[in-house]
Amino acid sequence: MPLMPKRVKHRKQSKGNRSGYATSGTDLAYGEYGLKSLERGWLKNTQIEACRVAINRHMKRKGKLWIRVFPDKPVTRKPIEVRMGKGKGNPEFWVAVVLPGKVIFEVGGVPEAVSRECLRLAATKMGLRMQLISRK
């Protein structure tokens with residue numbers, strides 16, 4: 001089942017403003033190691049899910065994974081070969097807005113080498129530049 005809200009107040013949203021830096025969620029809160037964003041952008045629900053699967057597979061389901069972002073913004077698209085006008089398209093997928101400095105994933109309960117490698121695997125699936133951070 002894809003990562004998306006159960007229900008929303010409004011079916012369609014504006015693109016919004018992505019300027020600035022993350023003010024909350026910039027430090028590790030749960031695990032020993034984390035993945036912090038260095039760029040701003042949108043993370044699709046499928047990207048977050050692919051990262052989750054890669055991390056859990058590499059950890060062999062030992063340890064714990066925390067996902068610190070949730071895709072709650074709908075992105076709309078109009079069907080192909082449709083003329084301009086006639087209103088906004090239908091929601092196609094969901095994204096999480098990521099600002100520089102935001103911690104995306106945290107892992108704990110596994111050795112440092114394992115956590116570094118699983119977070120590196122996740123970083124390759126994101127499409128944004130990431131930085132590994134630790135509690136030390």
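As a basis for the values below, the full set of heavy atoms in this structure was taken, side chains included, without hydrogen atoms, waters or symmetry mates. Predicted, not measured: the structure shown is a model, and the values here were computed from it.
Looking at residues two or more places apart in sequence or on another chain, you find a side-chain contact (heavy atoms from CB on, under 4.5 Å) between R129 and L38, E39. With sequence neighbours left out, the side-chain contact (heavy atoms from CB on, under 4.5 Å) criterion links S134 to Y33, K136. When the side-chain contact (heavy atoms from CB on, under 4.5 Å) test is applied to L99, the partners found at least two apart in sequence or on another chain are A22, R40.
Applying the side chain to side chain donor-acceptor pair (under 3.5 Å) test to every pair with at least one member in residues 15-29, sequence neighbours left out, gives these pairs: N17-S19. For residues 118-128, every residue pair satisfying the side chain to side chain donor-acceptor pair (under 3.5 Å) rule, not counting sequence neighbours, is listed here: E117-R120. Pairs engaging residues 66-79 under the salt bridge (charged side-chain N to carboxylate O under 4.0 Å, His left out) rule: R68-E106 [sequence neighbours left out].
Under a hydrophobic clustering in which Ile, Leu, Val, Met, Phe, Trp and Tyr are joined whenever their side-chain heavy atoms come within less than 4.5 Å, directly or via other members, M126 and V69 fall into the same cluster. Both F70 and I67 are assigned to one and the same hydrophobic cluster, defined by single-linkage of ILVMFWY side chains at heavy-atom distances under 4.5 Å. Residues F93 and V97 share a single hydrophobic cluster, defined by chaining ILVMFWY side chains whose heavy atoms lie under 4.5 Å apart. Neither M130 nor L28 shares a network with the other; the hydrophobic side chains, linked directly or stepwise wherever heavy atoms of I, L, V, M, F, W or Y lie under 4.5 Å apart, form separate groups for each. Residues V95 and L35 are members of separate hydrophobic clusters, defined by side-chain heavy-atom contacts under 4.5 angstrom among Ile, Leu, Val, Met, Phe, Trp and Tyr.
Shown here is Y30, whose OH atom has no more than 12 heavy atoms of other residues, nucleotides or ligands within 6.0 Å.
Remark: the backbone N or O of G31 is paired with a side-chain donor or acceptor of R135 at under 3.5 angstrom. Panel note: side chain K12, backbone K88; a donor-acceptor pair is recorded below 3.5 Å.
In this structure, the separation between CG on N45 and CD on E49 is 8.5 Å, given to the nearest 0.5 Å. Going from atom SG of C118 over to atom CG of L65 covers 8.0 Å, rounded to the nearest 0.5 Å. Once rounded to the nearest 0.5 Å, the distance linking CG of L128 with CG of L43 reads 5.5 Å.
Annotation: side chain of P71 is in contact with side chain of I48 (closest heavy-atom distance under 4.5 Å). Inter-residue side-chain proximity for N90 and R11 is flagged as met; some heavy-atom pair is nearer than 4.5 Å. Using a 4.5 Å heavy-atom cutoff, the side chains of E92 and T76 are not in contact.
Considering every non-hydrogen atom in both P91 and P74, the closest pair reads CB-CB, 4.3 Å. A pairwise comparison of heavy atoms in I104 and S37 identifies CD1-CB, 4.2 Å as the closest pair. In terms of heavy-atom proximity, L3 sits nearest to W94 at O-CB, 4.3 Å. L121 and H58 make their closest contact through CD1-CD2, 3.8 Å (heavy atoms, listed as atom of the first residue, atom of the second, distance). Contact record, P100 with G20: CD-O, 3.7 Å, taken as the closest heavy-atom pair.
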Worked check of side chain to side chain contact (heavy atoms under 4.5 Å, CB included) between E32 and V107: CA-CA 6 Å; E32 286 100 51; V107 292; over 6 Å; no

Side chain to side chain contact (heavy atoms under 4.5 Å, CB included) between M59 and I55, worked out: CA-CA 6 Å; M59 287 199 304; I55 291 172; 3.8 Å; yes

